[in-house]
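Reviewing the structure listed below.
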Amino acid sequence: MIQRIQSVYLLVVTILLFVAAFMPVGHFIGADGVSSYVFKPLGVSLAGGEYQSTWGLFGILLLSAIIAFCTIFLFRNRMLQIRMTIFGSILLIGYYVAFFVFMFMLKDSLNATYQIGWALCLPVVCIILNYLAFRAIYRDEVMVKAADRLRR
(Lines give C-alpha, C1' and ligand atoms only; values in the text may rest on other atoms or scores of the structure.)
Protein backbone atom coordinates (compact mmCIF):
# COMPACT_ATOMS: atom_id res chain seq x y z
CA MET A 1 0.00 0.00 0.00
CA ILE A 2 1.17 3.49 -0.73
CA GLN A 3 0.60 4.85 2.80
CA ARG A 4 3.24 2.62 4.38
CA ILE A 5 6.33 3.95 6.18
CA GLN A 6 8.63 2.92 3.33
CA SER A 7 6.79 5.38 1.09
CA VAL A 8 7.66 8.17 3.52
CA TYR A 9 11.30 7.06 3.59
CA LEU A 10 11.49 6.97 -0.19
CA LEU A 11 9.78 10.35 -0.52
CA VAL A 12 12.31 11.90 1.88
CA VAL A 13 15.11 10.28 -0.15
CA THR A 14 13.71 11.87 -3.30
CA ILE A 15 13.53 15.32 -1.72
CA LEU A 16 17.01 15.10 -0.19
CA LEU A 17 18.56 13.98 -3.47
CA PHE A 18 16.97 16.87 -5.36
CA VAL A 19 18.32 19.25 -2.73
CA ALA A 20 21.77 17.63 -2.92
CA ALA A 21 21.79 17.95 -6.72
CA PHE A 22 21.67 21.74 -6.56
CA MET A 23 23.63 22.52 -3.39
CA PRO A 24 27.41 23.05 -3.31
CA VAL A 25 29.28 20.00 -2.02
CA GLY A 26 32.35 22.02 -1.13
CA HIS A 27 34.84 24.69 -2.07
CA PHE A 28 38.30 24.62 -3.53
CA ILE A 29 40.52 27.20 -1.88
CA GLY A 30 43.46 28.32 -4.01
CA ALA A 31 47.08 28.17 -2.94
CA ASP A 32 47.02 31.92 -2.37
CA GLY A 33 44.27 31.48 0.24
CA VAL A 34 42.07 34.11 -1.38
CA SER A 35 40.58 32.50 -4.49
CA SER A 36 37.69 30.14 -3.91
CA TYR A 37 35.92 27.89 -6.40
CA VAL A 38 32.45 26.51 -5.64
CA PHE A 39 32.08 22.78 -6.34
CA LYS A 40 28.51 21.78 -7.24
CA PRO A 41 27.40 18.46 -8.72
CA LEU A 42 27.00 20.19 -12.10
CA GLY A 43 30.53 21.59 -12.06
CA VAL A 44 33.06 24.03 -10.69
CA SER A 45 32.95 27.75 -11.45
CA LEU A 46 36.51 28.82 -12.18
CA ALA A 47 38.07 32.27 -12.34
CA GLY A 48 37.50 34.21 -15.51
CA GLY A 49 34.03 32.78 -16.09
CA GLU A 50 35.30 29.32 -17.02
CA TYR A 51 33.35 26.26 -15.97
CA GLN A 52 34.67 22.75 -15.34
CA SER A 53 31.77 20.36 -15.85
CA THR A 54 31.11 17.43 -13.52
CA TRP A 55 27.67 16.62 -14.90
CA GLY A 56 28.12 12.92 -14.09
CA LEU A 57 27.64 13.64 -10.39
CA PHE A 58 24.45 15.55 -11.15
CA GLY A 59 23.22 12.71 -13.35
CA ILE A 60 23.79 10.10 -10.66
CA LEU A 61 21.91 12.16 -8.07
CA LEU A 62 19.05 12.86 -10.45
CA LEU A 63 18.79 9.21 -11.51
CA SER A 64 18.80 8.08 -7.87
CA ALA A 65 16.03 10.57 -7.05
CA ILE A 66 13.90 9.36 -9.97
CA ILE A 67 14.43 5.73 -8.97
CA ALA A 68 13.45 6.47 -5.35
CA PHE A 69 10.30 8.30 -6.48
CA CYS A 70 9.26 5.55 -8.92
CA THR A 71 9.92 2.89 -6.29
CA ILE A 72 7.16 4.37 -4.14
CA PHE A 73 4.58 3.29 -6.72
CA LEU A 74 5.85 -0.30 -7.02
CA PHE A 75 4.01 -1.34 -3.85
CA ARG A 76 2.22 -4.20 -5.63
CA ASN A 77 5.53 -5.84 -6.53
CA ARG A 78 7.51 -5.80 -3.32
CA MET A 79 10.46 -7.83 -4.61
CA LEU A 80 10.99 -5.33 -7.44
CA GLN A 81 10.63 -2.54 -4.89
CA ILE A 82 13.39 -4.16 -2.80
CA ARG A 83 15.66 -4.48 -5.85
CA MET A 84 15.12 -0.88 -6.87
CA THR A 85 15.87 0.33 -3.34
CA ILE A 86 19.12 -1.63 -3.30
CA PHE A 87 20.00 -0.33 -6.78
CA GLY A 88 19.41 3.24 -5.59
CA SER A 89 21.80 2.70 -2.68
CA ILE A 90 24.44 1.23 -4.98
CA LEU A 91 24.10 4.27 -7.24
CA LEU A 92 24.67 6.55 -4.26
CA ILE A 93 27.81 4.64 -3.32
CA GLY A 94 28.91 5.10 -6.93
CA TYR A 95 28.22 8.81 -6.51
CA TYR A 96 30.80 8.97 -3.73
CA VAL A 97 33.35 7.08 -5.83
CA ALA A 98 32.82 9.48 -8.74
CA PHE A 99 32.89 12.46 -6.37
CA PHE A 100 36.29 11.50 -4.97
CA VAL A 101 37.65 10.93 -8.47
CA PHE A 102 36.47 14.39 -9.58
CA MET A 103 37.66 16.00 -6.36
CA PHE A 104 41.21 14.65 -6.59
CA MET A 105 41.47 15.44 -10.32
CA LEU A 106 40.23 19.00 -9.83
CA LYS A 107 42.34 19.50 -6.71
CA ASP A 108 45.46 18.63 -8.65
CA SER A 109 44.57 20.73 -11.68
CA LEU A 110 43.57 23.78 -9.62
CA ASN A 111 46.48 23.41 -7.17
CA ALA A 112 44.03 24.01 -4.33
CA THR A 113 42.83 22.50 -1.08
CA TYR A 114 39.31 21.19 -0.66
CA GLN A 115 36.83 22.19 2.03
CA ILE A 116 33.83 19.87 2.43
CA GLY A 117 30.31 21.29 2.30
CA TRP A 118 27.36 20.07 4.34
CA ALA A 119 25.42 18.89 1.27
CA LEU A 120 27.94 16.07 0.84
CA CYS A 121 26.34 14.22 3.77
CA LEU A 122 22.85 14.12 2.20
CA PRO A 123 23.50 11.03 0.05
CA VAL A 124 24.69 9.18 3.19
CA VAL A 125 21.40 10.06 4.87
CA CYS A 126 19.63 8.79 1.74
CA ILE A 127 21.53 5.49 1.90
CA ILE A 128 20.39 5.07 5.52
CA LEU A 129 16.80 5.90 4.58
CA ASN A 130 16.98 3.43 1.67
CA TYR A 131 18.08 0.78 4.14
CA LEU A 132 15.16 1.59 6.43
CA ALA A 133 12.79 1.40 3.45
CA PHE A 134 14.32 -1.93 2.47
CA ARG A 135 13.71 -3.31 5.96
CA ALA A 136 10.09 -2.12 5.96
CA ILE A 137 9.39 -3.57 2.51
CA TYR A 138 10.99 -6.87 3.44
CA ARG A 139 8.97 -7.01 6.67
CA ASP A 140 5.78 -6.54 4.60
CA GLU A 141 6.86 -9.30 2.23
CA VAL A 142 7.46 -11.70 5.12
CA MET A 143 4.07 -10.80 6.59
CA VAL A 144 2.28 -11.44 3.27
CA LYS A 145 4.04 -14.79 2.81
CA ALA A 146 3.07 -15.81 6.34
CA ALA A 147 -0.55 -14.88 5.66
CA ASP A 148 -0.53 -16.87 2.40
CA ARG A 149 0.89 -19.86 4.25
CA LEU A 150 -1.96 -19.70 6.81
CA ARG A 151 -4.62 -19.59 4.08
CA ARG A 152 -3.46 -22.80 2.47
Side-chain angles (χ1 to χ4, degrees), residues 1-140:
M1 292 187 292
I2 203 163
Q3 69 266 21
R4 303 292 294 172
I5 189 69
Q6 59 262 27
S7 299
V8 175
Y9 292 146
L10 292 169
L11 184 63
V12 172
V13 166
T14 303
I15 293 168
L16 289 178
L17 287 175
F18 272 117
V19 168
F22 296 103
M23 296 296 293
V25 292
H27 299 279
F28 289 104
I29 299 172
D32 58 359
V34 176
S35 58
S36 178
Y37 311 108
V38 178
F39 184 20
K40 291 185 177 181
L42 269 174
V44 178
S45 300
L46 302 174
E50 295 178 34
Y51 195 74
Q52 178 68 39
S53 179
T54 58
W55 62 268
L57 296 176
F58 180 77
I60 292 172
L61 287 176
L62 194 62
L63 181 63
S64 296
I66 291 169
I67 287 172
F69 185 72
C70 291
T71 303
I72 295 171
F73 301 104
L74 295 174
F75 56 89
R76 289 196 175 119
N77 190 348
R78 283 173 298 281
M79 291 311 290
L80 180 60
Q81 201 175 24
I82 287 172
R83 286 188 200 112
M84 295 302 283
T85 305
I86 292 170
F87 180 65
S89 294
I90 291 171
L91 269 177
L92 290 175
I93 292 169
Y95 165 78
Y96 279 111
V97 170
F99 167 77
F100 283 116
V101 168
F102 277 122
M103 184 192 69
F104 285 119
M105 285 176 42
L106 289 170
K107 191 169 103 171
D108 290 342
S109 69
L110 295 174
N111 193 18
T113 59
Y114 184 73
Q115 183 179 8
I116 295 175
W118 66 271
L120 191 59
C121 72
L122 292 179
V124 170
V125 173
C126 292
I127 290 171
I128 293 168
L129 289 171
N130 271 338
Y131 174 71
L132 292 174
F134 166 78
R135 282 185 38 200
I137 297 165
Y138 189 75
R139 188 173 38 235
D140 283 352

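Keep in mind the model is a prediction, meaning the values are calculated, not measured.
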Counting only heavy atoms not in [X], do more than 12 sit closer than 6.0 Å to its [atom1] atom?
{"X": "Ile116", "atom1": "CD1", "value": "no"}
{"X": "Phe87", "atom1": "CZ", "value": "no"}
{"X": "Tyr96", "atom1": "OH", "value": "yes"}
{"X": "Met79", "atom1": "CE", "value": "yes"}

Can you tell me how far apart [atom1] ([X]) and [atom2] ([Y]) are? Round to the nearest 0.5 Å.
{"X": "Tyr9", "Y": "Ile72", "atom1": "OH", "atom2": "CD1", "answer": "13.5 Å"}
{"X": "Leu17", "Y": "Asn130", "atom1": "CG", "atom2": "CG", "answer": "8.0 Å"}
{"X": "Trp55", "Y": "Ile60", "atom1": "CH2", "atom2": "CD1", "answer": "9.0 Å"}
{"X": "Met105", "Y": "Leu110", "atom1": "CE", "atom2": "CG", "answer": "11.0 Å"}
{"X": "Leu63", "Y": "Leu91", "atom1": "CG", "atom2": "CG", "answer": "5.0 Å"}
{"X": "Ile137", "Y": "Asn77", "atom1": "CD1", "atom2": "CG", "answer": "10.5 Å"}

Does any non-hydrogen side-chain atom of [Y] lie less than 4.5 Å from one of [X]?
{"X": "Leu61", "Y": "Leu122", "answer": "no"}
{"X": "Tyr37", "Y": "Ile29", "answer": "no"}
{"X": "Trp118", "Y": "Met23", "answer": "yes"}
{"X": "Met103", "Y": "Phe100", "answer": "yes"}

Could you report the tightest heavy-atom contact between [X] and [Y], atom names first, then the distance?
{"X": "Gly43", "Y": "Tyr51", "result": "N-OH, 3.3 Å"}
{"X": "Phe28", "Y": "Ala112", "result": "CB-CB, 4.1 Å"}
{"X": "Ala119", "Y": "Pro24", "result": "CB-O, 3.4 Å"}
{"X": "Ala21", "Y": "Pro41", "result": "O-CG, 3.6 Å"}

Identify, with sequence neighbours excluded, every residue that meets ring-ring contact (aromatic ring centres under 6.0 Å, His included) alongside Phe22. Phe58

Sequence-distant partners of Tyr95, ring-ring contact (aromatic ring centres under 6.0 Å, His included), two or more places apart: none

Quick one: does any side-chain atom of Tyr114 pair with a main-chain N or O of Lys107 as donor and acceptor, under 3.5 Å? no

Taking only residues two or more places apart in sequence or in another chain, which ones pass side chain to side chain contact (heavy atoms under 4.5 Å, CB included) with Phe102? Phe39, Thr54, Leu57

Residues that [X] engages under side-chain hydrogen bond (donor to acceptor under 3.5 Å, both in side chains), provided they are two or more places apart:
{"X": "Ser35", "answer": "Asp32"}
{"X": "Asp108", "answer": "none"}
{"X": "Thr71", "answer": "none"}

Basic-acidic side-chain contact under 4.0 Å: Asp140, Arg78: no

Checking side chain to side chain contact (heavy atoms under 4.5 Å, CB included) between Ser64 and each of Thr14, Leu92, Val13, which is the one that passes? Leu92

